[in-house]
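What follows is a single structure, and I will ask about it in a moment.
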Amino acid sequence: MKIGFIGLGFVGLSTAAAFASKDIKVFGYDNDSKKLELISRGLVPFYEPSLQDLLKKSISSGFFKICYSLEELILQTDAVFIAVGTPSNNDGSINLSYVFGAAESIAEAIRKTRHAPTIVVKSTVTPGTAKQIKQLIIASAGEDHISVCSNPEFLREGSAVQDTLNPHLVVIGCDDDFGQATLLKAFYEGLYSEKKIPIMITTTSTAEMIKYTNNAFLATKISFINTIANICQRIEGCDVETVAQAIGMDPRIGPLFLRAGAGYGGSCFPKDVKALISFSESRRYNPLILSSVDTTNRLQPFEVTALVEKIFRNISRIKIAVLGLAFKKDTDDLREAVSIPIVNTLIDREAIVRVYDPKAMTNAKGIFGARVTFCNSALECISGTECCIILTDWEEFKQLRPEDFKKNMSRPIVIDSRRVFDAPKFEKVVEFHAIGRGQPKAQNKNL
Ligand code: UGA
């Protein structure tokens, strides 16, 4: 089966390269010609572990081909995956203009080539969208036999290749006689022939809803544990990390996505929770739990800044180091990163802010500009500061010892919002605070 990808952003490019690495003929198209040019030279336009290597290999092996027109792609493929972005509108609802734009272009290419591959929607879209895409293509391509399937994505930034090659589940939504679903199922069975990956076949609307429910549930787990963390924080000697570990042992709860912090970020959870709220409201149902998840997450970064203000009372002219700017480790992505409201608040309160991230510095420069000092290493960043806030759990930060803070900072106060460090070990050497960790009675203020 020859597969085409329309949209070579994070999901499209990672999935295409992963498929090509398994000797599947893949064709890619994006309407950003600069991006296409980079990819054709085997260069990934963003940071994602192991993708660079994989892309180079798949381009040079010939399994991944770049197309410079949509007709070229349509003519050569049996199935075309739509993987364009679905950003938020200002009111939180989903903006489907890129998806419908891609559908219009596909329809035009089908009309010109008289070749109609199966259309597979990979982009995250609200329930009913695949059906609308089908109607749109049938109307403008003048073809009746168009099949549009939904195949939502569960890969994560930072482990996209691994996740694509080892998914926990494949969901295929299809509304016609399921003939196309069988075709896609056979494709995935071949791709994962050495593994037992469950494949679910559903309607397109159910498949679209599975994707939103998955992300909304994970976001709910995070906002829930962050709520518990905020309570623990206010109880002497209480620690959310231990609470999470204990409840995670209950098989009905499970241990994952219970890491408290400054809130979830990225291009998916914040956007998808808002889109599901808006979609639900458009169906005249008020999803109270989702609104609470969203509000809890919007306020969570301010738990960190409130802690800094509680420690210093007035942070004007206080030198503060922020380690970790990306929305999570192993990415250079700052979309909806908690570092943005936190750094902005510190700047508003006139603190002197120094920042460092192993991969996200270029993107961060575009956001914070000259308002902060950009440093070349974690040690340079903390040097001479009175407070250090850890916002992302990069491996590099885990190597830092409490003595590094004691030696390099002018006053060693460490706020670990990602629970990177061993608290009892740090508490002996520096003034240590962590999200969800109620202060022990005798905090070592004079260190
Ligand atoms: C998320 C989902 O995990 C993927 O399954 C999904 O395919 C993807 O969205 C998408 O819809 O495209 P991603 O946003 O890449 O993936 O990253 P996650 O690892 O899920 O982390 C999201 C945010 O939650 C990060 O800010 C992370 O730091 C935060 N998080 C995660 C926590 O605060 N606590 C946790 O326990 C776990």
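Just so it is clear, the model here is predicted, and its values are computed rather than measured. Both ligands and their constituent atoms are indexed starting at 1 by order of listing.
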### Task
Answer side chain, backbone, both or neither: which part of K211 comes under 4.0 Å from ligand 1, heavy atoms only.
side chain
### Task
Please work out which of R418, K122, K328 has its closest non-hydrogen atom nearest to atom 33 (O) of ligand 1.
R418
## Note on the structure
side-chain contact (heavy atoms from CB on, under 4.5 Å) with F81: of T118, N151, I6, only one passes, and it is N151
### Message
Less than 3.5 Å apart, any donor N or O on the side chain of K271 or T86 sitting next to an acceptor on the other?
### Response
yes
### Task
Determine, using ring centers only, whether Y356 and F374 are less than 6.0 Å apart.
no
### Query
Judging by distance only, is a nitrogen or oxygen of N214 under 3.5 angstrom from one on ligand 1?
no
### Query
G266: heavy atom below 4.0 Å from ligand 1, yes or no?
no
### Pair N363-R335, side-chain donor/acceptor within less than 3.5 Å
no
### Query
Any luck finding a side-chain donor-acceptor pair between N230 and Q300 under 3.5 Å?
yes
### Summary
So for L258 against ligand 1, with non-hydrogen atoms under 4.0 Å, the contacting part is backbone
### Task
Consider every N or O of L155 and every N or O of ligand 1, then say whether any pair is closer than 3.5 Å.
yes
### Task
Report yes if some N/O of T124 lies less than 3.5 Å from some N/O of ligand 1; otherwise report no.
no
### Query
atom 3 (O) of ligand 1: which protein heavy atom is closest, and how many Å away?
R156 CG, 3.4 Å
### atom 34 (N) of ligand 1 [closest protein heavy-atom partner, distance rounded to 0.1 Å]
R259 O, 2.9 Å
### Task
Return yes if a side-chain donor-acceptor contact under 3.5 Å exists between T203 and T206, otherwise no.
yes
### Task
Check ligand 1 against E153 and write out every atom of the ligand that is under 4.0 Å from a heavy-atom position of the residue.
7 (O)
### Task
Please report which non-hydrogen protein atom sits nearest to atom 26 (O) of ligand 1, along with the residue it belongs to and the distance in Å to one decimal place.
G265 N, 2.9 Å
### Query
Do the side chains of C232 and V243 get nearer than 4.5 Å, heavy atoms only?
yes
## Note on the structure
Under 4.0 Å from one or more heavy atoms of E157, ligand 1 contributes atoms 15 (O)
### Protein contact of atom 10 (C) of ligand 1 - nearest heavy atom, named by residue and atom, plus distance
C268 SG, 2.9 Å
### Task
Could you tell me whether ligand 1 has any atom less than 4.0 Å away from a heavy atom of G261?
no
### Note, I413 side chain near H433 side chain (heavy atom, < 4.5 Å)
yes
### Task
Step through it carefully: locate the ring centre of F421, locate the ring centre of F405, and say whether they are under 6.0 Å apart.
yes
### Query
Any chance the side chains of S147 and D176 put a donor and an acceptor closer than 3.5 Å?
yes
### Task
Ignoring hydrogens, just give me the one of F269, F327, Y212, F10 whose non-hydrogen atom is nearest atom 20 (O) of ligand 1.
F269
### Task
Under 4.0 Å from a heavy atom of F154: give me the atoms of ligand 1 that qualify, with their elements.
4 (C), 5 (O), 6 (C), 7 (O)
